[in-house]
Amino acid sequence: MTPRSFLLTPQLSDYVRAASEPVDDVVADLVAETAAMAERGDAPSTMQIAPEQGAFMQLLTTALGARRAIEIGTFTGMSALCVARGLPLDGSLLCLDVNETWTAVARRYWERAGVASRIELRLGDALASLRGLPAAETFDLAFVDADKTGYPAYVEELYPRMTPNGVVLLDNTLRGGRVLEPVSDDDRVMAALNASLATDPRWETVLLPMADGLTMLRKR
Ligand SMILES: C[S@@+](CC[C@H](N)C(=O)[O-])C[C@H]1O[C@@H](n2cnc3c(N)ncnc32)[C@H](O)[C@@H]1O
């Protein structure tokens, strides 16, 4: 099944998709292969971002003129593929993930899309990888989509590494609506982070009701 926003009916979701940039064969095949992995029990089905979110992230990457980007949580590579497509030819995307099997699928699709030369994948715990980056390494765009309880630490680590006006995107910030009545640690951490970011003077913050909630932070 193609991932979609929990806020939309299936019909509205199809409508939104049809009214956005069309999905090409590479993205369609990546969605199908990821869905097949989920059916076999080889991957959680809901991890992949929705195609319309990918289209938005590609557009945003290009519109911002981002040259250096970082992703925390890559899975089978859909969001990275979209960001990489939005980068200039000499742009770069650093992807951080722990899972070798899922990211092997990602590598195949990045090759097929002709963006592999723009992407470096680093396997290992994302927080350790982030902390190990040289202080001078900065980013224009960041996408955070890994372990939810790690988000506050990722945001803190990213802040000094973002260029002025740099944008951080945080995925799943509505938690299927459960931020209103948290039922898990993931929900509680996200609700607390959303509340603190709304008044954090370092960031301009907007929570977009797209997909499962996509928060945009601009470094002031
Ligand atoms: C929701 S999926 C990412 C989906 C991806 N952005 C996409 O578009 O398909 C989350 C990913 O985060 C990775 N992950 C979870 N905890 C992590 C950690 N501590 N360090 C690095 N990666 C982690 C998982 O292996 C998984 O691939």
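Atoms within each ligand, like the ligands themselves, are counted from 1 in listed order.
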Checklist entry - With a cut-off of 6.0 Å (strictly less than), are more than 12 heavy atoms of other residues, nucleotides or ligands near CZ of F6? => result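 Yes, the 6.0 Å shell around CZ holds more than 12 heavy atoms from other groups.
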Item to check | Flag if over 12 foreign heavy atoms under 6.0 Å of CD, E21 | outcome: no
Item to check | Residue that, paired with M57, satisfies side-chain contact (heavy atoms from CB on, under 4.5 Å) out of V83, D171, L141, T62 | outcome: V83
Checklist entry - Contact residues of ligand 1 with a heavy-atom cut-off of under 4.0 Å? => result M47, Q48, I49, G73, T74, F75, M78, S79, D97, V98, N99, W102, G124, D125, A126, F143, D145, A146, D147, Y154
Checklist entry - Would you say the side chains of S79 and E71 form a donor-acceptor pair under 3.5 Å? => result yes
Checklist entry - Between the side chains of E52 and S20, does any donor sit under 3.5 Å from an acceptor? => result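 No, no side-chain donor-acceptor pair sits under 3.5 Å.
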Next on the checklist: I'd like to check the side chain to side chain donor-acceptor pair (under 3.5 Å) partners of D200; sequence neighbours left out, ordered by chain and number.
Outcome noted: R202
